[in-house]
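One structure below.
Side chains are part of it too, since the values below use all heavy atoms of this structure and drop only hydrogens, waters and symmetry mates. Note that the structure is a prediction, hence the values are computed from the model and not measured.
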Amino acid sequence: VQLQASGGGLVQAGGSLRLSCAASGRAFSNYAVGWFRQAPGKERELVAACSRNGGTTWYTDSVKGRFSISRDNARNTVYLQMNSLKPEDTAVYYCAADRPKWPTVVVTRTSEYDVWGQGTQVTVSS
């Protein structure tokens, strides 16, 4: 599978953006997906993750209640809805995929992701 992220842009603090991660190839439903971000001078961090069937999700503490990950396997797409954006959310956002055995498992270790999309820049102005 190949991944392509889109939807980034410039937004004022308090605003919203929705990122999309479109997958090409077969059997996208076999992949768990994560959204990562990397700000200048910082390590890449996992922001949100979603199981193969979309039924299990995970969020890092700093985005809980503001971000929402979802997927549409029929459209081979995973979304990251970002609300109440803050300047500290500014980063390049990446989607990544892994193939866990079980459909309800979320993958939270960066090293387990073996398919990566290109990044999309999100800039939040104060």
Side-chain angles (χ1 to χ4, degrees):
V1 69
Q2 294 182 320
L3 305 175
Q4 183 165 356
S6 62
L10 173 64
V11 63
Q12 289 188 332
S16 298
L17 282 174
R18 188 177 79 159
L19 305 183
S20 298
C21 176
S24 60
R26 298 181 296 175
F28 177 62
S29 60
N30 287 339
Y31 290 84
V33 179
W35 280 101
F36 291 78
R37 67 185 178 188
Q38 188 166 21
K42 295 187 176 181
E43 292 187 355
R44 188 172 298 188
E45 65 167 339
L46 179 64
V47 174
C50 182
S51 61
R52 286 167 47 189
N53 64 3
T56 308
T57 57
W58 176 94
Y59 301 93
T60 193
D61 285 347
S62 62
V63 307
K64 284 180 181 177
R66 300 189 298 122
F67 289 14
S68 177
I69 187 171
S70 61
R71 67 188 296 160
D72 183 341
N73 285 340
R75 295 178 182 270
N76 284 2
T77 304
V78 175
Y79 304 98
L80 185 67
Q81 179 66 45
M82 306 186 295
N83 299 326
S84 302
L85 282 161
K86 304 176 181 179
E88 52 263 43
D89 295 318
T90 295
V92 178
Y93 284 70
Y94 302 86
C95 56
D98 180 47
R99 293 187 64 175
K101 182 177 181 181
W102 306 110
T104 59
V105 168
V106 291
V107 180
T108 58
R109 289 186 176 182
T110 302
S111 60
E112 294 184 11
Y113 285 90
D114 52 15
V115 181
W116 291 84
Q118 91 294 352
T120 185
Q121 176 71 46
V122 172
T123 303
V124 184
S125 63
S126 57

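Cluster membership for V33 and L19, using ILVMFWY side-chain heavy atoms within less than 4.5 angstrom, is shared. Both M82 and I69 are assigned to one and the same hydrophobic cluster, defined by single-linkage of ILVMFWY side chains at heavy-atom distances under 4.5 Å. Residues L17 and V92 fall into different hydrophobic clusters, defined by Ile, Leu, Val, Met, Phe, Trp and Tyr side chains chained together at heavy-atom separations under 4.5 Å. Grouping the Ile, Leu, Val, Met, Phe, Trp and Tyr side chains by contacts below 4.5 angstrom, directly or via other members, places V122 with V63.
Closest approach of A91 and R37 over heavy atoms only: CB-CB, 3.8 Å. Heavy atoms only, all atoms of each residue included: V107 and A32 are closest at CG2-CB, 4.0 Å. When all heavy atoms of V124 and K86 are compared, the closest pair comes out as CB-O, 3.2 Å. Considering all non-hydrogen atoms of both residues, G55 and N53 come closest at N-OD1, 2.8 Å. Across all their heavy atoms, T77 and F28 have their closest contact at N-CE2, 3.7 Å. In terms of heavy atoms, S16 sits closest to Q81 at CB-NE2, 4.0 Å.
Residue pairs satisfying the salt bridge (Lys or Arg N to Asp or Glu O under 4.0 Å) criterion with at least one member in residues 91-105, sequence neighbours excluded, are absent. Listed by first and then second residue, the disulfide bond (SG atoms under 2.5 Å apart) pairs that reach into residues 72-126 are C21-C95, sequence neighbours excluded. The disulfide bond (SG atoms under 2.5 Å apart) analysis of residues 45-91, with sequence neighbours excluded, yields no pairs.
Y79 contributes no side-chain N or O that, together with a main-chain N or O of D72, makes up a donor-acceptor pair within less than 3.5 Å.
Residue Q2 places its CD atom among 12 or fewer non-hydrogen atoms of other residues, nucleotides or ligands, all under 6.0 Å distant.
Proximity of Q12 to S125: side-chain heavy atoms (C-beta onward) are separated by under 4.5 Å at one or more points. Using a 4.5 Å cut-off on side-chain heavy atoms (C-beta onward), F67 and T60 make no contact. Counting heavy atoms from C-beta on, the side chains of W58 and S51 never come closer than 4.5 Å. Residues W35 and V78 meet the side-chain proximity criterion, which asks for heavy atoms closer than 4.5 Å. Annotation: side chain of D89 is in contact with side chain of R66 (closest heavy-atom distance under 4.5 Å).
When the ring pair (Phe, Tyr, Trp, His ring centres under 6.0 Å) test is applied to F36, the partners found at least two apart in sequence or on another chain are Y113, W116. When the salt bridge (charged side-chain N to carboxylate O under 4.0 Å, His left out) test is applied to D61, the partners found at least two apart in sequence or on another chain are K64.
Grouped with W102 in one hydrophobic cluster are V105, the linkage being side-chain heavy-atom contacts under 4.5 Å among Ile, Leu, Val, Met, Phe, Trp and Tyr residues.
With 3.5 Å as the limit, one finds no donor-acceptor pair spanning the side chains of Q4 and S6.
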